[in-house]
Amino acid sequence: MTGQPSPGEFDLIAWFRERTEVRGRTMLGIGDDCAILRASPAELLITTDMLMDGRHFRLDRDEPGDIGYKALAVNLSDIAAMAGVPIAAVVAVALPRDRAVEVARGIHAGMIALAERFEVDLVGGDTNAWDGPLVISVTVLGEATPRGPVRRSGARPGDAILLTGPLGGSLLGRHLRPEPRVAEALVLHHKAPLHALIDISDGLASDLGHILEESGGLGAVLDADSIPIHPDALTMSRQDGRPAIDHALHDGEDFELCVVLAPGDADRLVQSPPLSAAVHRVGTITATPGLWLLGEDGVSSPVAARGFDHLRPGPG
Ligand code: ADP
Ligand code: MG
């Protein structure tokens, strides 16, 4: 912590330390100037994500446990999106002074339950308090499997596009408790070489757009009928009158994976999905740039990539 330690900071760190077991790769966790992890020859994956009160959650409405869960989950989702194995996490918090200890403990409880379920060690962090709003930043380290990490850049014309689950309407509440698709990515990548992979944080259209762009300016056709629509998207559609498919294409924070692979491999995975990794085939990569939605009437219409962008004005 920078500057004078806030009262109780060290008690709080001692409290975290007592509740944080380490195993595996970790030789030293919370308590020293750095954590010590045993290095492995595999490619090391590193990702970080910051959540801010008023932007990604609202502390006056959301539970600290949910906020802690989400802060780690979004990082685990990024490791999943490389088909990696998460290993360790560090967490930095700027706590609102008036609720510092209560909020910190709640965050830790939500986070540690998820960390244990994914066998990720919480190996360190930084604890600050101030008169500003809650900010929480988590960094996760992971490693690639022998098949290597899966980038956004490997899609090829003719490849199939799969989704690991239904999309849309996550803002009704489930955005706080996303299920990181770590095991799903690993089993799929083990069964077939994945060409490109991304987790859907900004909306399918926008995130698939990243794959198309990074893969050299390709396009895609999505089949409207085969896109799995979450019940929350139907509820939101009834509330706001926008078609549910719009929510499925453009709502963010689903954290399902968008998987691109050879069409033969896709057929095989769809026909006999590996245990616990249901996949839906939703479209095809094309050499011609642009994103198209094929309707049930057989007519294609262009899809605008209008997912959430933090640097652009607008709601969110
Ligand atoms: P330093 O001043 O050397 O950076 P700190 O007093 O900030 O040390 O932290 C002491 C120990 O507690 C370190 O191991 C640090 O990683 C850990 N730590 C601090 N805050 C947190 C937190 N919020 N969650 C987990 N570990 C933490
Ligand atoms: Mg130090």
Side-chain angles (χ1 to χ4, degrees), residues 1-40 44-60 62-79 84-143 176-178 180 182:
M1 175 153 179
T2 37
Q4 286 299 306
S6 57
E9 178 198 340
F10 297 111
D11 301 332
L12 196 55
I13 291 173
W15 189 89
F16 291 153
R17 190 174 176 178
E18 276 164 30
R19 280 159 186 78
T20 309
E21 280 179 40
V22 296
R23 57 189 104 67
R25 216 34 88 58
T26 308
M27 302 168 70
L28 184 64
I30 295 173
D32 211 313
D33 297 307
C34 289
I36 306 175
L37 271 70
R38 204 179 295 283
S40 99
L44 182 64
L45 307 173
I46 306 176
T47 183
T48 193
D49 253 308
M50 178 159 63
L51 305 188
M52 296 173 287
D53 190 6
R55 174 54 98 178
H56 303 93
F57 59 84
R58 283 193 22 207
L59 188 55
D60 62 2
D62 302 327
E63 290 296 327
D66 286 342
I67 297 165
Y69 176 103
K70 181 172 183 179
L72 177 59
V74 297
N75 281 279
L76 297 180
S77 180
D78 281 324
I79 298 286
V85 181
I87 295 169
V90 290
V91 50
V93 285
L95 299 163
R97 207 184 300 281
D98 55 342
R99 294 177 61 188
V101 172
E102 172 229 328
V103 168
R105 289 184 177 190
I107 285 174
H108 185 270
M111 189 174 290
I112 204 72
L114 182 65
E116 280 171 5
R117 189 151 66 79
F118 282 79
E119 299 185 351
V120 170
D121 287 348
L122 180 60
V123 298
D126 194 25
T127 303
N128 299 271
W130 69 331
D131 294 321
L134 174 63
V135 179
I136 174 167
S137 174
V138 175
T139 299
V140 170
L141 308 184
E143 66 180 27
L176 284 168
R177 288 260 164 194
V182 172

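Note: hydrogens, waters and symmetry copies are ignored here, and every other heavy atom, side chains too, is used. One-based numbering, in listed order, for ligands and for the atoms of each.
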Could you walk me through whether Val85 and Ile79 pass the side chain to side chain contact (heavy atoms under 4.5 Å, CB included) check? CA-CA 7 Å; Val85 181; Ile79 298 286; 5.9 Å; no
Can you tell me which portion of Ile30 lies within the under-4.0 Å heavy-atom range of ligand 1? Options are side chain, backbone, both, or neither. both
Residues passing the side chain to side chain contact (heavy atoms under 4.5 Å, CB included) test with Leu134, sequence neighbours excluded, are Asp53, Phe57, Leu59, Ile67, Leu95, Pro96, Val103, Ile107
If you measure every N/O of Leu122 against every N/O of ligand 1, is any gap under 3.5 Å? no
Say whether Glu9 and Thr127, considering side chains only, have a donor N or O and an acceptor N or O under 3.5 Å apart. no
Heavy-atom contacts with Thr127 under 4.0 Å: which atoms of ligand 1 show up? List them by number with element. 19 (C), 20 (N), 21 (C), 22 (C), 23 (N)
Against heavy atoms of Asp33, which atoms of ligand 1 measure under 4.0 Å? 3 (O)
Looking at CG of Leu141 and CG of Asn75, how far apart are the two atoms once the value is rounded to the nearest 0.5 Å? 10.0 Å
Ligand-side contact atoms (ligand 1) for residue partner Val91, heavy atom cut-off under 4.0 Å: 22 (C), 23 (N), 24 (N)
For Phe16, the atoms of ligand 1 under 4.0 Å from one of its heavy atoms are 22 (C), 23 (N), 24 (N)
Would you mind listing which atoms of ligand 1 come within a distance below 4.0 Å of any non-hydrogen atom of Phe10? 6 (O)
Polar atom proximity, Val93 to ligand 1 (N or O, under 3.5 Å): no
Which pair of non-hydrogen atoms, one from Pro64 and one from Arg99, has the smallest distance, and what is that distance? CG-NH2, 4.2 Å
Residues in salt bridge (charged side-chain N to carboxylate O under 4.0 Å, His left out) contact with Arg17, at least two apart in sequence or another chain: none
Just heavy atoms, cut-off under 4.0 Å: does Asp32 contact ligand 1 by side chain, backbone, both, or neither? backbone
Report, as yes or no, whether the 6.0 Å neighbourhood of atom CD on Glu21 holds more than 12 heavy atoms from other residues, nucleotides or ligands. no
